[in-house]
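Quick caveat, the model's predicted, so the values are computed rather than measured. Index from 1, following the sequence.
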Amino acid sequence: MSLSRRALLQGLTSASVGLSLPAQAKAKARVIVIGAGFGGATCAKYLRRLAPDTDVLLIDARARWCTGPFSNLAITGLASVDSITRSTADIGRAHGLRTLVDEVTAIDPITKTVRVAGGKRLRADRIVLSPGIAMRWGLIEGLSAEVSGAMPHAWTGDAQVQSLRDRLDAVPDGGTILISAPPNPYRCPPGPYERASLIAEHLLKTGRARAKILIADAKDDFTKRPLFLAEWDERYGAMIEWISRAKGGEVTRVDAATGEVWLRDQSASIGTHLASIVPAQQAAAIAKAADVSDESGWCPVNPQNFESTRHAGIHVIGDAAIATPMPKSAFAANSQAKLCASAIAAALAGRAAADARMINTCYSLVAHDAAISVSGFYSAASGRIAIVSEGVSPLSPPEGLRAREAAQAHDWYESISTDSFGQRA
């Protein structure tokens with residue numbers, strides 16, 4: 001946009017402020033929320049509650065999708081794919097929201113204009129982006145979006161969830177499964193370490209105890225590592241092997257046709273019967289198109305209200321936002337969404353926003369009846385998110401704790417899914 005055009009728009013806005021209009025003629029504030037996952041759906045819901053006179057439109061290109069949480073259960077047969085599938089239209093009906101199933105193709109962050117593939121141009125006073133992630137193709141030789149289905153990551157809630165489930169059933173006793181763990185930061189859940197745990201349990205239950213699971217990691221550490229290693233050793237013995245980056249665990253090349261995988265500094269390939277290759281990640285492409293992502297590929301925000309630091313009136317929540325030290329989790333997105341909705345409602349009403357307070361808990365199932373967790377409380381200070389307190393499951397748990405945490409994980413999933421998406425019919 002040219003300087004003269006920007007100045008004209010600002011001048012028109014300033015001039016209109018001084019006009020005295022009857023209250024009945026004052027236009028409703030318009031907010032467009034893009035992305036109907038745990039972040040976007042929650043934000044749209046609470047905007048309707050906190051600012052009931054606001055026109056809220058929720059847009060997602062997907063009519064139906066699978067949630068990241070509990071997708072590892074669906075892959076291993078502990079839950080049905082249908083039980084983790086959500087619908088944009090159902091979210092709208094549950095929360096009394098206008099919804100649009102269409103792909104957002106462009107956003108003008110200055111004029112707050114949204115264009116969709118169907119041809120509509122939509123104007124808003126504020127835009128909330130909760131677009132999720134995109135895979136960074138090209139960093140692993142031989143891996144692209146076109147061939148990824150042969151080595152399904154099952155990370156974005158699409159048909160790869162069912163595909164990975166089907167491929168797991170075909171692994172023979174004595175076969176090799178390789179799961180790659182991406183570099184930080186990345187969306188979790190789903191998590192590669194939970195995935196390995198539940199696959200190992202599934203293999204044992206289905207008479208394939210001689211199968212081997214390799215976790216090829218692009219990192220030298222991961223959340224809850226001592227807990228996972230202890231649980232694997234106790235439950236699955238040598239079935240699961242974690243290969244850290246320092247030990248050459250980073251995947252550098254694949255052959256999707258043959259199932260071969262090459263690790264860093266190794267000339268010989270690893271033959272697999274099933275490979276789940278999870279690429280490095282960044283904010284979804286629309287974030288870059290809207291000029292709200294930076295050179296890191298993620299979106300810097302003001303932690304008090306999750307407004308973009310690059311464009312006023314544009315908010316980014318969930319996985320796409322830079323919210324360190326909060327993880328890129330469903331619970332974090334839900335918590336950020338409520339903070340964002342509250343801040344926007346306050347701004348529209350001319351009130352000061354409440355102090356930022358957020359929460360997160362990440363459960364990881366290590367078996368169908370055992371889980372471990374990490375949790376955190378967060379505040380915002382001096383333009384950054386600060387940890388108020390953190391907790392993690394004990395390495396040596398009292399009797400029954402792992403089972404209780406598994407039950408809590410199921411209760412959490414039902415609670416947050418209802419909060420974000422509404423009660424299932």
Residues D411, R404: salt bridge by 4.0 Å N-O rule: no
Give, for atom CZ of R93 and atom CD1 of I91, the distance between the pair rounded to the nearest 0.5 Å. 10.5 Å
Run the salt-bridge test on R310 and D291 with the 4.0 Å N-O cut-off and return the result as yes or no. yes
Under 3.5 Å, is there a donor-acceptor pair linking the side chains of Y193 and T223? no
Would you please test V56 and R98 for side chain to side chain contact (heavy atoms under 4.5 Å, CB included) and show each step? CA-CA 7 Å; V56 181; R98 291 198 303 125; over 6 Å; no
Between E241 and K212, does at least one N-O distance fall below 4.0 Å, as a salt bridge requires? yes
Ring geometry between W65 and F421 (parallel below 30°, tilted from 30 to 60°, perpendicular above 60°): perpendicular
About how many Å separate OH of Y363 and OG of S329, when rounded to the nearest 0.5 Å? 12.0 Å
For R187 and D319: C-alpha separation, side-chain torsions, deciding distance, then whether salt bridge (Lys or Arg N to Asp or Glu O under 4.0 Å) applies. CA-CA 6 Å; R187 167 185 283 174; D319 298 334; 2.5 Å; yes
Do N302 and E307 have side-chain N/O donor and acceptor atoms under 3.5 Å apart? no
Given side chains that start at C-beta, do those of H202 and L168 come closer than 4.5 Å, heavy atoms only? yes
Could you verify whether a donor N or O on one side chain and an acceptor N or O on the other, from S382 and R384, lie under 3.5 Å apart? no
Determine yes or no for a side-chain-to-main-chain donor-acceptor pair under 3.5 angstrom, with K219 supplying the side chain and P182 the backbone. yes
Ring-face cation of R49 near Y46 (centre distance under 6.0 Å, axis angle within 45°): yes
Please examine the side chains of P327 and N360, heavy atoms only from C-beta on, and report whether any two atoms are closer than 4.5 Å. yes
Quick one: closest heavy-atom pair of Y236 and S197, and the distance? OH-O, 3.4 Å
Run the salt-bridge test on E231 and R402 with the 4.0 Å N-O cut-off and return the result as yes or no. yes
If you round to the nearest 0.5 Å, how far is CZ of R245 from CG of D221? 14.0 Å
V31 side chain near I127 side chain, heavy-atom distance below 4.5 Å: no
So, E260 and S269: side-chain donor and acceptor under 3.5 Å apart, yes or no? yes
Any donor-acceptor N/O pair, D217 side chain to S180 backbone, under 3.5 Å: no
So do R86 and C66 actually touch side chain to side chain, heavy atoms under 4.5 Å? no
Main-chain N/O of L339 paired with S342 side-chain donor or acceptor, under 3.5 Å: no
Over all atoms of both residues, closest heavy-atom pair of V301 and I322: CG2-O, 3.7 Å
Is the number of heavy atoms from other residues, nucleotides or ligands under 6.0 Å of R123 CZ greater than 12? yes
Is the side chain of S364 donor-acceptor paired with the backbone N or O of I372 at a distance under 3.5 Å, no angle test? no
Considering all heavy atoms, the nearest A29-L348 contact: CB-CD2, 3.8 Å
Are the side chain of R208 and the backbone N or O of G174 linked by a donor-acceptor pair below 3.5 Å? no
Carefully, step by step, assess K338 and D419 under the rule salt bridge (Lys or Arg N to Asp or Glu O under 4.0 Å). CA-CA 11 Å; K338 292 172 181 176; D419 184 33; 2.8 Å; yes
Between L78 and E201 the two heavy atoms that sit nearest each other are CD1-OE1, 4.2 Å
Is there a donor-acceptor contact under 3.5 Å linking the side chains of K45 and S420? no
Within the structure provided, determine whether L214 and I179 are in side-chain contact (heavy-atom separation under 4.5 Å). no
When rounded to the nearest 0.5 angstrom, what distance separates OG1 in T309 from NE2 in H311? 9.5 Å
Heavy-atom closest pair (L263 atom, G249 atom, distance to 0.1 Å) is CD2-O, 3.7 Å
Mind listing the closest non-hydrogen atom pair of T105 and I286 along with its distance? C-CD1, 4.0 Å
For C340, does its backbone N or O pair with a side-chain atom of N305 as donor and acceptor, under 3.5 Å? no
Please check: side-chain N/O of H273 versus main-chain N/O of V171, any donor-acceptor pairing under 3.5 Å? no
Measuring from atom OG1 of T361 to atom CZ of F331, what distance do you get when rounded to the nearest 0.5 angstrom? 5.0 Å
Any side-chain heavy-atom pair of W298 and K328 under 4.5 Å: yes
Centre of W242's six-membered ring, under 6.0 Å away, within 45 degrees of the axis: is that where NZ or CZ of K247 sits? no
From I177 atom CD1 to L203 atom CG, the distance as rounded to the nearest 0.5 Å: 4.5 Å
For H410 and F70, take the angle between the two ring planes, folded into 0 to 90°, and tell me which bin it lands in: parallel under 30, tilted 30 to 60, perpendicular over 60. perpendicular
Please evaluate residues I59 and I32 with respect to the criterion side chain to side chain contact (heavy atoms under 4.5 Å, CB included), reporting the C-alpha separation (whole Å), side-chain torsions for both, the decisive distance (0.1 Å), and the verdict. CA-CA 7 Å; I59 305 176; I32 295 175; 3.7 Å; yes
Test: D55 and R30 ion pair at under 4.0 Å: no
Report yes or no: does S83 contribute a side-chain atom to a donor-acceptor pair with the main-chain N or O of A79 at less than 3.5 Å? no
Does a side-chain heavy-atom distance below 4.5 Å link V104 with D102? no
Do S80 and D82 pair up side chain to side chain, a donor and an acceptor below 3.5 Å, judged on atom types alone? no
Going by side chain to side chain contact (heavy atoms under 4.5 Å, CB included), S130 matches just one of I34, V316, L58, I317. Which one? I317
Is the number of heavy atoms from other residues, nucleotides or ligands within 6.0 Å of NZ (K205) greater than 12? yes
Pair R62, D158 - check salt bridge (Lys or Arg N to Asp or Glu O under 4.0 Å), show working. CA-CA 9 Å; R62 308 164 300 175; D158 57 17; over 6 Å; no
Could you tell me whether the side chains of S393 and E405 share a donor-acceptor contact shorter than 3.5 Å? yes
Can a side-chain donor-acceptor contact be found between D60 and T88 if the only test is distance below 3.5 angstrom? no
Relative to each other, are the rings of W155 and Y186 parallel, tilted or perpendicular (30° and 60° limits)? tilted
Could you tell me whether the side chains of S276 and R195 share a donor-acceptor contact shorter than 3.5 Å? yes
Donor on one side chain, acceptor on other, H95 and R48, under 3.5 Å: no
Any side-chain heavy atom of Q160 sitting closer than 4.5 Å to one from L164? no
Heavy atoms from other residues, nucleotides or ligands near CZ of F222 exceed 12 (cutoff 6.0 Å): yes
Examine distances only and state if a side-chain atom of D220 and a backbone atom of S244 form a donor-acceptor pair shorter than 3.5 Å. no
Can you tell me if E141 uses its side chain to pair, donor with acceptor, with the backbone of R253 under 3.5 Å? no
